[in-house]
Amino acid sequence: MTIGTDHRYELVSTRPRLEQVVRRCRELGQTALDFETTSLSPADGEVRLVSLCNEEIHAVVDFWAIKGRFAGCASLFDFGSWVVFNAGFERRWFQAAGVKRLDILDVGHLRRSVVGGGVFRLLDMARWDLNLTMDKEQQLSDWSSPDLTQEQLDYAYLDADVTWRLWRKWSKALTTDLGWQGFKVFNDMVPAVMEMEDTGIFLDRKAHTVLLASWEAEKVARVTRIRELVEDSDVRNINSGRQWSEYFSRIIPDHFLAGWPRTEKSGDLSVTGVALRGLAGRVPGTPLETLFDALAEYKTVTKYISSFGQPLLDRASKDGRLRARYNIGAAITGRFSSSGPNLQQVPRDKDILGVFTSVRKSFVAPLGRLLVSLDYSGIELRVLALLSGDKQLLKDMVEGDVHSEVAAVMSGSPIDRSTPEGKSLRQSAKAVSFGIVYGAAASGLSATMRTDEERAQGYIDFWSARYPDAFRYRYTMLDEAVRTGKIRCVDGGSIEVGYKPALPKLANYPVQRAAFSVMSGALVAHKASLDTERAAGRQRMTRMISTIHDAIIDEASTQDAASCLELMRGAMVAGYLKYFPGAPTERLVEGGIGKSWGELA
DNA sequence: AACGAGCGCGCG
DNA sequence: AAAGCGCGCGCTCGTT
């Protein structure tokens, strides 16, 4: 008897019994399944144990006792429905054994579809949802030992047992087909995500090393300038915000300090790049201006060095590729996160310290191949228009440049994007529209736009008059949340927000979620169409390699790149129409083909 | 030495 | 009355 479980389990160590057990599982429909393996990857390990649990079957299979081991028996699992925690793990082992015509249902994704996304472990779900404390001590034990201990076997069984109980619990929360569709939004992305994670993206180490060296030189120059003005005894560590706060508090007059923003918790002077640049403008021609500017530039360049320099070089594999994780439903809204490294935060091409800088040019296609990428254009405003039924907002999105349209309304006449005034007006309009999507009030918007509250309120009034349905939609969602404690999402899932939610979250969650849903449909459709093409001998070298919220990136051989782009376009349009049937598709996606991520045209 | 809070900043 | 959203990660600094 194992601690915390309802049942005894059977140790299966013969092929005939394994066949009986798996056949029965397939007859019963769904079965929780958990692997214990001798390493984390099929490339250098083996499946030792498979634990199985449903209403009738409670078993642990020791594959080392069975002829052919896991690889020789894996096909028995084909055509079954297996419930797991973290589907990518089990699916990779099945895939390595040539088994892929099976359903793998991730109980974590089931939870995400009901309460909203998040990052959690099986033991977290056990604690939250079953009030059960799990001990993961055995997880890293030696699963290649000839004789496994009782503790190891019990541990292996417990995971399947817990997984099954969680599945039973959360299945009950889904009473409609629509609810199950919400689950599939997450679950069906697993194969596409595996392709991106396993392929990785090629890093031009040589180019990136040169880039890093240039940043190091810029850093040295800033340190020199800062040290000409501030001695080591005043600020020992240039990286330390607290030391800067203490120093500035000491040397700067109170009337000047009064306008300096403070940090949230400790109340120190907030030493951010934006604050420093703003303050520099208040003391023109003084050494303080030089110091503020040098410090702001130091912060920029050290950010690039510490986040996008050596860490990227260090993480590249021997084959030159960088493999990040794409964590499905990691954000509460359902969006992906990326980690190890986070490839969703690689800097865009822009001037830093007055120099054009492209980190994305370090991400390249290997010889004979090209990168292919499309992104949804203004997808959040577009889905806001569709969710709220705002005809004017949709019209402005479809017919042209929505930010210019808003700018024209705000300023009272059409704007010219080629002039500095036009650009500035458009930029302001963009800030207003984003502010609305984020639920900003006049106070927050005025801070972002660096204007007074009265003017910010005027902008909001303009916006709400032009797009009344979109503006009102946010309050509709707030009302629903106050009544039900959750919001229902366009894809059939829901997000729990509690009964006292504030407007900004409620304004943003349904919009961010719907944009994600659209992308989810696109990723699944794109993976399916690539699989079909590859099975027919086309797009043989094409691989999905990344997704960055509203963008998909593939790598394709030179001759396949153009048709790959069209497949991607089709999938992205399909993902959008899946949730917004009949919606206009003009100007929906944009992007291109190039040798690097920085050169997609 | 390891860990977490706090801050800041890169992205969409 | 409270009201710009969502992430991951590097760094500092106090605690354990």
Would you indicate what [X] reaches in the nucleic acid, counting non-hydrogen atoms under 4.0 angstrom: base, sugar-phosphate, or nothing?
| X | result |
| --- | --- |
| A:Q243 | sugar-phosphate |
| A:V511 | nothing |
| A:R262 | nothing |
| A:I332 | sugar-phosphate |
| A:V437 | nothing |
| A:A324 | nothing |
| A:S338 | sugar-phosphate |
| A:G444 | sugar-phosphate |

| Test: A:R250 cationic atom under 6.0 Å from A:F248 six-membered ring centre, within 45° of axis |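 Here A:R250 fails the 6.0 Å and 45° test against A:F248.
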| For the residue pair A:F462 and A:Y467, is the inter-centroid distance of their aromatic rings smaller than 6.0 Å? |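 Judged by ring-centre distance (under 6.0 Å), A:F462 and A:Y467 do not meet the cut-off.
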| Heavy-atom distance under 4.5 Å between the side chains of A:D491 and A:R513, does that happen here? |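 The answer is yes, as the side chains (C-beta and beyond) meet within the 4.5 Å cut-off.
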| task | Could you check which nucleotide pairs with C:dG4 in any of the strands shown, counting Watson-Crick or G-U wobble with both distances under 3.5 Å? | result |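 When the pairing criteria are applied, nothing turns out to pair with C:dG4, so the answer is none.
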How close or far is atom [atom2] of [N] from atom [atom1] of [X], stated in whole angstroms?
| X | N | atom1 | atom2 | answer |
| --- | --- | --- | --- | --- |
| A:H549 | B:dC11 | NE2 | P | 12 Å |
| A:E264 | B:dG8 | CD | C1' | 13 Å |
| A:F336 | C:dG8 | CZ | P | 13 Å |
| A:N327 | C:dC7 | CG | C1' | 10 Å |
| A:R474 | C:dA2 | CZ | C1' | 13 Å |

| field | A:E297 and A:R277 ion-paired at < 4.0 Å | value |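 Looking at A:R277 together with A:E297, the answer is no, because their closest N to O distance does not fall below 4.0 Å.
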| said: Salt bridge or not between A:D479 and A:R483? Use side-chain N to carboxylate O under 4.0 Å. | reply: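 The answer is no: the pair does not qualify as a salt bridge.
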Let's see if you can work this out: which of [options] has an atom nearest to the side-chain heavy atoms of [X]?
| X | options | value |
| --- | --- | --- |
| A:R242 | C:dC9, C:dC13, C:dG4 | C:dC13 |
| A:S306 | C:dG4, C:dG6, C:dC11 | C:dC11 |
| A:I548 | B:dG8, B:dG12, C:dG8 | B:dG12 |
| A:S240 | C:dT12, B:dG12, C:dC11 | C:dT12 |
| A:Y509 | C:dG10, C:dG6, B:dC7 | C:dG6 |
| A:N239 | B:dG10, C:dG6, C:dT12 | C:dT12 |
| A:A330 | C:dG10, C:dG8, C:dA3 | C:dG8 |

With distance as the sole criterion, do the side chain of [X] and the base of [N] form a donor-acceptor contact below 3.5 Å?
| X | N | value |
| --- | --- | --- |
| A:K303 | B:dC9 | yes |
| A:R348 | B:dG10 | no |
| A:T448 | C:dG4 | yes |

| field | Contact under 4.0 Å: A:T263 side-chain N or O vs B:dG6 OP1/OP2 | value |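 For B:dG6, neither OP1 nor OP2 has a side-chain N or O of A:T263 closer than 4.0 Å.
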| Taking only N and O in the side chain of A:K350, is any of them less than 4.0 Å away from OP1 or OP2 of B:dC11? |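 Yes, A:K350 has a side-chain N/O under 4.0 Å of OP1/OP2 on B:dC11.
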| Want to settle it: does A:L503 or A:P311 sit nearer the 5' end of DNA chain C, counting the closest nucleotide to each? |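 Nearest-nucleotide comparison on DNA chain C picks A:L503.
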| Angle class for the A:Y438/A:F434 ring planes (parallel below 30°, perpendicular above 60°, tilted otherwise)? |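 Rings of A:Y438 and A:F434: tilted, 30 to 60°.
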